[in-house]
Each structure stands twice: as structure tokens, then as C-alpha cells.
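Bear in mind that the values here come from a model prediction, so they are computed numbers and not experimental data. First the proteins, then the strands, lettered A, B, ... as listed; each starts at 1.
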Amino acid sequence: MGRGALQLSTTAFFRRRTVSRVKLCVTGNAVFRRNHFRSAFISFLLTAFIVARAWSAAPGADRAALVQAIIGEEGDQAELVSKLSASSDSLVGQTLEAWRVGEVFLHEASDGAKIPFLLDKQTDADGKARANRILDGEPLRDSSGKPLSFTATDLTAVDTSRSLRKVIKQTLDLMALSNPDPKFRRDAASRLGFEQNQDYVPFFESRLATEKQGDVRKALAEAIAITQLASDNADARKAAIRQLGELRSISGQNLLREISAKAQANPKTYDAETLAAARAALTAIDEYIFWGNLFGTLFRGLSLGAVLLIAALGLAITFGLMGVINMAHGEVIMVGAYAAYVTQNIFKARFGESGFGFDIYFPVALVVAFAASALLGLILERGIIRFLYARPLESLLATWGVSLILQQIFRAHFGAANVFVASPSWLRGAYSVHDVLFAYNRIFVIGFAACIVWLTYLLMTKTAVGLQIRAVMQNRNMAACMGVRTNRMNMITFAFGSGLAGLAGACLAQIGNVGPSLGQSYIVDCFMVVVLGGVGNIIGTVSASIGMGIGDQILQLHVQAVLAKVLVLAAVILFLQWRPAGLFVTRNRGLEG
Amino acid sequence: MRRTLSKADYWFLGLVAVTGLVILPCLNAFPPKESFFHVSDFKVSLYGKYLCYAVLALSVDLLWGYTGLLSLGQALFFALGGYALGMHLMLMIGERGVYKSKLPDFMVFLEFPAKYPDTAGLPAHWIPFYNFWFATGAVIWVPALLALVFGYLAFRSRIKGVYFSILTQALTYAACLMFFRNDFTFGGNNGLTDFKDILGQNLNSPATKRWLFICSVVLLLLTFLLCRWVTATKFGKIQRAIRDSENRVLFSGYATANYKLFIFVLAAVIASLGGALFVPQVGIINPSEMAPEKSLEAVVWVAVGGRGTLVGPIIGAVGINALKSYSTHSWPEYWLYILGALFVFVTVFLPKGIAGIPGQLRNLKKRMSRPTENMITAQVSTADTKT
């Protein structure tokens with residue numbers, strides 16, 4: 001355990017440093033844009049750039065070596081090529097790939113020098129393509145300086161023998177280990193490890209010495225251990241088994257199972273120590289997977305709960321506090337989602353599909369969504385709902401009518417198909433800790449939910465408006481006697497609840513589909529959350545939504561998603577047997593509650 | 001019976017009986033096809049469908065209009081009845097399906113023989129449905145049982161008003177999700193369809209269609225009489241008392257939960273019977289029939305027609321469905337606008353529906369003639385109607 005723990009903690013340390021450096025870079029960049037005279041940031045940028053250049057090694061030397069290999073004697077080619085395996089130059093990789101499939105050509109210059117080149121992917125009208133030199137990627141030019149173009153079929157490719165192609169393939173694989181993209185490095189390490197080729201071990205080890213990215217380091221260490229499982233040396237094999245256990249290697253699990261099964265079947269060829277080590281390693285990995293699943297499930301449950309919470313919070317206000325059954329609540333959410341879509345389109349048209357300008361669309365979209373939905377809520381309240389305060393069941397029917405109309409309007413205007421709302425770049429991707437993925441947008445949803453619950457709480461308890469809202473909801477007549485303008489408070493409360501639903505819509509647009517029937521898929525769940533939590537109680541709404549979210553995800557481990565949902569609904573119905581007024585009851589002495 | 005039925009009831013029943021049992025079947029059977037008076041087979045099935053919906057509307061009215069329980073899950077019971085009979089019809093297809101197998105097509109398609117090898121692919125709970133009378137029995141007892149269990153749980157813990165509505169909606173939503181699943185053994189989202197015959201009679205023949213239509217009329221008339229009888233007895237009085245002030249009834253020593261439970265089960269069975277007759281006439285039953293919006297639609301029929309009356313829901317169901325057929329055919333994109341606007345208009349301006357218009361007019365007239373006194377009564381009456 002000791003060594004593994006040390007290794008993990010060091011990797012975590014390394015990663016934290018790299019991440020923070022990247023972040024600093026980004027912020028530095030943004031500030032730089034705004035203020036040209038922040039010399040401190042400029043010097044910082046320069047340092048970062050130099051680090052990056054040094055890290056990727058001198059590219060020119062590798063290209064020159066490659067050119068040497070291509071025009072060199074057949075006997076030396078393999079050796080020259082295999083020396084390139086530490087290169088991180090993408091052009092070298094590209095050329096090797098092309099060479100292997102016979103797409104590298106030679107150009108004889110006027111002075112008799114041979115210049116290898118590649119053909120560009122794009123062809124002109126005659127089917128001819130630009131020739132690009134391998135040495136620097138620049139186009140080949142004739143004596144007058146005009147770029148040369150060729151047709152692939154007119155040229156003869158540089159020959160490769162079968163054994164050379166094999167060497168190239170190996171080199172390419174090993175080159176992937178030094179690809180600038182950590183994802184490629186990690187995938188390459190995992191893939192190469194499963195080849196169990198003992199010759200690769202030194203490569204892995206040298207990469208491990210320079211590698212800084214935590215997950216790639218783990219993949220490399222796994223690759224070494226997996227390769228050594230097939231080693232001739234019994235002690236090395238045992239050490240590899242232990243190492244896999246310490247690494248909590250999920251990819252090594254199957255190999256370890258095989259070994260443990262074989263060791264059990266023929267105790268003569270395998271000693272007891274191997275069996276014990278394999279079993280211990282498997283137990284460790286299983287435990288690791290169990291905890292990983294547990295945390296993954298809890299996280300997914302929490303994020304689903306946050307989604308429900310965001311969607312239901314507006315309803316907790318309009319239904320819980322005001323007692324209005326707003327069946328159009330789902331459609332108010334939908335309006336928020338489409339508001340985000342429209343804002344996104346405007347920003348896309350103005351700033352293009354990516355970059356800083358596009359990325360700030362989301363905060364703007366949140367404001368727009370809130371405003372649009374609050375306005376809709378205001379119209380609904382003034383136009384329909386205020387006539388129906390004394391008849392809650394009929395407000396249900398009228399608002400359902402409104403929901404039908406809204407759905408149809410949006411279907412007619414935006415089409416029946418789902419529209420795509422692109423997330424800003426800072427919400428894409430995921431953060432992985434110990435093989436558990438934490439998607440940024442899910443983390444954002446959780447944080448956002450916490451934020452708006454907190455703000456709502458502050459508004460309700462610490463402001464004059466909140467006080468008046470609560471007074472009107474608790475006893476309308478008494479509040480009116482005290483001079484509270486109940487009509488206006490109804491308006492404000494309903495508009496605020498609808499605005500929250502709009503925020504929910506903008507937020508849901510980041511993680512799900514946006515279509516005219518978006519609201520329908522949330523409405524039943526929203527009502528269940530509010531009823532389960534106890535009407536008129538924000539704490540109840542929070543616990544109910546998180547409880548339903550986590551419950552759903554835990555059930556999904558054992559049954560299918562739909563069945564899990566049905567079981568959650570059934571559980572809520574049964575729970576209400578036990579506590580008919582929900583989790584948290586606002587007690588009063590009235591008979592009708 | 002003499003005292004329970006009013007003059008208007010006699011007129012209405014007579015009209016429905018003469019039109020439904022004599023005129024329409026005759027117009028379908030005798031005039032030649034090109035004649036102006038001919039009613040096509042398609043129309044007969046369509047009207048039959050409306051009548052089944054009218055039965056569903058009556059069951060909603062029995063709960064909402066007379067007992068004050070707004071169930072948003074009534075279409076679930078309707079669909080359950082449909083499924084129970086649909087299962088029998090499905091098995092009666094025999095080897096005439098696409099796959100020429102004794103199993104229903106969807107079972108072959110979903111590889112049931114591999115999943116249920118003991119019974120040659122047919123899940124065990126399907127087997128009794130070979131018997132028509134068992135299927136008919138199931139139309140009654142399956143929804144009744146579900147309503148009994150759910151109603152017992154709900155009424156025991158005094159879930160009422162809006163909460164009851166939301167819970168019934170959740171129930172039908174959950175059931176709908178279950179029926180959409182392929183391994184729930186009821187055909188997944190395609191449901192049950194392609195029926196060939198019922199009791200040996202070809203379902204596509206005009207005579208069968210006519211008889212099914214006549215059955216629907218008879219069912220509607222019987223349901224009407226049953227509802228009238230239930231609501232006119234002492235039981236019905238308590239039922240309305242529960243609607244108007246449940247606590248007072250409770251304090252007078254009545255076990256209101258049992259009354260509500262009885263009505264809930266009765267309404268479930270009525271809806272289910274409507275569903276059972278719906279399926280052979282429409283030829284398909286699938287989970288979308290129990291989607292939450294179907295139940296809400298049924299509530300609209302009642303609201304538009306007039307709740308708390310028995311004639312209203314029937315007019316509402318037939319009228320709105322006729323309007324739906326017409327407008328989804330003529331201007332499909334506007335149907336939802338019409339339905340939505342109808343919802344809003346009726347709930348805001350016509351709280352008692354079409355059947356309540358004469359009363360509203362009378363009130364208005366009275367208010368015109370004696371303004372001051374009626375102001376007070378009007379205020380009192382709005383304060384009273386907290387349903």
C-alpha cells in the first residue's frame with residue numbers, strides 16, 4: 001500500500017500544479033486582452049511558452065532525421081526510424097503514417113538533392129494537390145517560386161519493406177506516448193501495455209520519468225505492470241501483480257482474474273505466493289471499484305437531485321406558498337430553455353461559435369431566461385390565475401390549457417425537433433478523480449442549485465418584500481388589514497416563482513434536450529418533489545429533491561432506468577402514507593391546513 | 001326509479017336510445033352507400049369511440065362533480081380495461097399474424113420464446129386470457145383491485161384535494177412508463193393491435209361494427225342510469241356532502257374514507273368498461289392512452305360539459321371529440337390552441353360548463369333586476385364554492 005499511496009499523492013500534487021498553471025495562463029490571457037500594459041502577465045506568458053517549447057523537444061532535428069531515414073539506405077532505415085520514437089512532432093507522426101501506406105514521394109531538385117514530400121489533402125479542380133516538404137511543412141516551389149502540384153497516381157511512392165512497416169508501426173505507437181494531448185498519451189499507454197511486449201518497458205519507464213500528468217502516469221505504471229505480468233522472471237511477475245493491486249488497476253482486473261484462476265487450477269506451476277498476491281490485488285481492486293461506484297452514484301444522484309431542485313424551486317413558491325397549481329410550470333421552464341437557445345444564437349452570430357465572446361453568453365442567457373419567464377408569469381397571473389385563487393383545482397385546468405397553447409406556439413415557431421444549445425467551453429469536459437468522472441456541467445448544476453436556494457432563502461427571510469410575501473401567504477386578510485398590497489404581492493410572488501423556473505430552463509438546456517415537450521418531462525417529478533418535501537417549505541423541497549435524485553440513481557444500479565423511476569414514484573406514494581403532509585410540516589391549528 | 005329520473009333525463013335517454021339504437025344502425029345498414037343518408041362503417045366506429053369516451057367522462061364526473069375528487073388518473077383505468085380485452089383479442093389472432101406463429105407478433109419479435117421457455121413463449125399471466133369470459137372479468141376486477149389498493153392508501157391517510165390529483169397523476173404516469181417497457185409483456189410502445197375477430201365475428205365486418213356500436217350505446221345508457229341511481233340515493237347525498245364539506249360529514253359520524261373508496265372503485269370499473277369497448281372499435285391500445293394528458297383531456301370534457309350533472313359530461317365528451325376529429329383533420333396545427341383556449345375560457349368564465357349556462361343566465365337576469373341584494377348572495381356563493 002505504501003508505495004502506491006505515495007505515488008497517488010505525488011501524481012495528485014503534480015496535477016494540481018499543472019492545472020493551476022493552465023488556469024493562470026487563461027486568466028493571464030484574458031487580462032492581457034483587456035490591458036496591454038500588464039507586463040507581469042506578459043512575462044508570465046513568456047515563461048509558460050518557453051516551458052511548453054522546451055517540453056516538446058526540438059522538432060527540427062526529428063524531421064531532419066526522418067528525412068535522412070526516407071532517403072537513406074534500406075539497411076539503416078529501420079534504425080533511423082526507431083530512434084524517432086521519442087519525438088512529439090505531429091508532422092513526423094503524420095509522415096510516418098503516410099510512409100507506411102505509401103504516400104510519401106520524392107522530388108528531385110535541380111541540384112540533384114532528393115526532397116521527400118507529402119501531398120496536401122485538398123485537391124484543386126484538376127485533381128492535383130500541393131506538395132509539402134517534410135522538413136518544414138512548406139510547399140515545394142519550382143525555380144520561379146511557384147508552388148508545385150502533382151496528382152498522386154503520377155508519382156511513385158517511397159518504398160517500404162514489410163519489416164520496415166512493422167518498425168514504423170511500433171515507432172508510431174511509441175510516439176503516441178509523447179503526443180502533446182494527454183488523452184492520446186493515456187490511450188497509447190493502455191494500448192501498448194496490453195501488447196505485453198517486454199521491449200517497451202524501457203520506453204514506458206523513460207516516459208514515466210518525464211510525465212507530469214497524473215492519469216497518464218497511472219496509465220504508464222499500469223502498462224509497465226501489465227507488460228511485466230508476461231515477464232520470464234517469476235519475481236518480476238509477482239511484483240507486477242502487487243503493483244497492479246496497489247495501482248487499483250481496473251484495466252488489469254481481467255488479467256489478474258485469469259492468473260488467479262490458472263494458479264488455482266494448477267498449483268504445481270504457480271506458487272502459493274502468486275495466488276495470494278493475485279487474490280489480494282483483486283480484492284483491493286474490487287474495493288476500489290466499489291467505492292468509486294458509490295461516489296459516482298452519489299454524485300450522479302446529487303446532480304439529478306440538483307436538477308430536480310432547480311426545476312421544482314419555482315413550483316415550491318407558486319404552489320407551495322401561493323397554492324396555485326401551475327400545470328404550465330413545465331412550459332415556463334421550457335421558455336427559459338428557449339431563451340437560452342435564442343441568446344446563444346445571437347452570441348453565435350455576433351462572436352462566432354467559440355472563444356471568449358461566445359463563452360460569456362451563458363450568464364447573459366440566465367438573465368434573459370429569468371426575465372422572459374418572469375414576464376410570462378406576470379402575464380399569466382394578471383390574465384388568468386388571479387380569477388382562480390379561490391378555486392385551486394380549476395387553476396390546475398386553466399394552466400394546463402395555457403401549457404398546451406405554449407407548447408404549440410413553440411412547436412410552431414422553433415419546430416417540433418429538439419434544438420441544440422452548446423455549452424460554453426468552461427462547462428464542457430469532466431474532472432476525473434480516482435476513475436470517478438465529475439462532469440463540469442453537473443458540478444455547475446449542483447453549485448447553481450445551492451446558489452439559488454440560498455438567494456431565495458435570503459430574499460424570503462431577510463428582505464421587506466420577503467416578509468410581505470410570507471405575510472400574504474399565511475393570512476391574506478390580516479396582511480391586507482396591515483396595509484400590505486396583497487394583489488401586488490401575488491403578482492410579485494408568481495413572477496418570481498416563474499423567473500426561477502426560467503433559470504431552471506436555462507440551466508437544463510446545458511445538460512439535456514431542449515424541445516417543445518421539455519416541460520412535460522419535468523412536471524410530474526416537480527409536483528412530487530414539492531408534495532414529498534412538504535408544501536410551503538424550502539428545506540423540505542431541498543431534501544425531497546436530493547433524496548429522490550439519489551434514490552433514483554441507487555435503484556438504477558440494480559434495475560433499468562424507467563423501472564427505477566417508477567419505483568421512486570411508488571416509494572413517494574407509500575411515504576405519504578406515513579407522513580401525509582410531506583417531510584417537513586408547517587404546523588398550524590386550522591382544520592383544513 | 002320513477003322519482004330519481006327527471007323529465008329532462010327521460011327526454012335525454014329517449015333521444016340517445018332512439019338515435020343510437022335505431023336511427024344510426026338503420027342508416028348504416030339499409031341506405032345504399034352513395035345515398036345522402038348513409039352512415040359509413042368508419043363513422044359508426046368513430047361514434048362508438050365517442051360514446052366510450054362519454055362513459056369515461058361519466059366516471060370522471062362521478063368522482064369530481066359529485067364527490068369532489070379530481071382524479072387525474074382516470075384514463076389509466078380506461079386503458080387497463082382496454083388492455084384486458086385487447087389481450088384476449090390478441091390471442092384470438094392465432095396464426096394469422098405476420099409471423100404465422102401462435103404467439104402474438106410482438107412476442108415473436110421480442111424473442112419471448114427464449115425468455116419464457118416453460119410456456120412456449122407465452123408469459124403465464126397471458127394464458128387465462130384465451131377465455132373471453134376471463135378477459136371480461138379481468139376488465140372489471142383488475143382496475144377495481146388497483147383502485148381499491150391505491151384508494152385505500154390515499155384515503156386512509158386523508159390525502160385530498162390537489163394532493164389527490166397530483167398523486168393520481170403520478171400513478172398514471174408511472175403506469176404509463178411501465179407499459180412503455182418491452183419486458184412488461186404488454187407490447188411496449190406499440191401496444192396491442194391488428195385484432196382479427198371477437199367471439200368468432202370478424203372485427204372488420206360492418207355488422208360487427210354495428211353491434212359494437214349498439215353495445216356502446218347500451219353501456220352508456222346503463223352507466224347513466226347507474227350514476228343517476230347512485231347519486232339520487234342517500235348514498236349520493238352523503239357523497240355530495242363530502243364534496244361540499246368533508247369535515248362536517250366526518251364529524252357527523254360517517255366514515256368518509258369508505259364512501260370515497262367505494263366511489264373511486266366504482267368509477268374505475270365504469271372507466272374500464274368504456275375502455276374495453278373502445279379497443280375493438282378503434283383496433284389498437286397502447287400506453288399513450290394512459291398518458292397523464294389523456295386523463296386531463298377527460299377532465300376537460302367534464303368541465304366543458306358541466307360537472308355535477310350527468311348530461312353535461314356526455315355532451316362534453318362527444319362534442320369535444322367530434323371537434324377534435326374535425327379540426328385535427330382540417331387544421332391540425334390549431335387543435336391544441338383550440339383545446340387550450342377552451343380550457344382557459346371554460347374554467348374562467350363557465351365554471352359550471354355548458355350545462356350550467358342556463359343557470360348562469362338566470363342568475364345574471366336576477367342580478368340585473370335586484371342589484372343590491374344579489375351582490376351579497378353572489379359574494380356568499382363564491383365564498384362557498386371552494387372546490
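In terms of modelled atom types and a separation under 3.5 Å, the side chain of A:Q408 and the main chain of B:E333 share a donor-acceptor contact.
The contact between A:I325 and chain B is made entirely by side chain atoms (from C-beta outward), counting heavy-atom distances below 4.5 Å. Only the side chain of A:L574 has a heavy atom closer than 4.5 Å to any heavy atom of chain B. Neither the backbone nor the side chain of A:Q407 comes within contact range of chain B; no heavy atom of the residue lies under 4.5 Å from a heavy atom of that chain. Both the backbone and the side chain of B:A170 have a heavy atom closer than 4.5 Å to some heavy atom of chain A. Proximity to chain A (any heavy atom under 4.5 Å) is shown, for B:A175, by neither the backbone nor the side chain. Proximity to chain A (any heavy atom under 4.5 Å) is shown, for B:F180, by neither the backbone nor the side chain. Looking at B:I338, there are no atoms closer than 4.5 Å to chain A (heavy atoms on both sides), in backbone or side chain. For chain A, the nearby parts of B:L336 are the backbone and the side chain; heavy atoms of each come within less than 4.5 Å.
Pairing each heavy atom of A:L569 with each of B:A174, the nearest pair is CD1-CB, 3.7 Å. Considering all non-hydrogen atoms of both residues, B:Y173 and A:K565 come closest at OH-NZ, 3.4 Å. Contact record, B:Y337 with A:I405: CE2-O, 3.7 Å, taken as the closest heavy-atom pair. When all heavy atoms of A:L397 and B:F343 are compared, the closest pair comes out as O-CD2, 2.7 Å. The shortest non-hydrogen separation linking B:S165 to A:L396 is CB-CD1, 4.3 Å.
Between chain B and the residues A:M327, A:Q560, A:M528, A:Q520, the largest count of heavy-atom pairs under 4.5 Å involves A:Q560. Residue with the most contacts toward chain B among A:L563, A:V531, A:D525: A:L563 (heavy-atom pairs, distance under 4.5 Å). When the candidates A:V402, A:L388, A:I409, A:L406 are compared by the number of heavy-atom contacts under 4.5 Å with chain B, A:I409 comes out ahead.
Looking only at side-chain heavy atoms (C-beta outward), A:V524 and B:Q169 come within less than 4.5 Å of each other.
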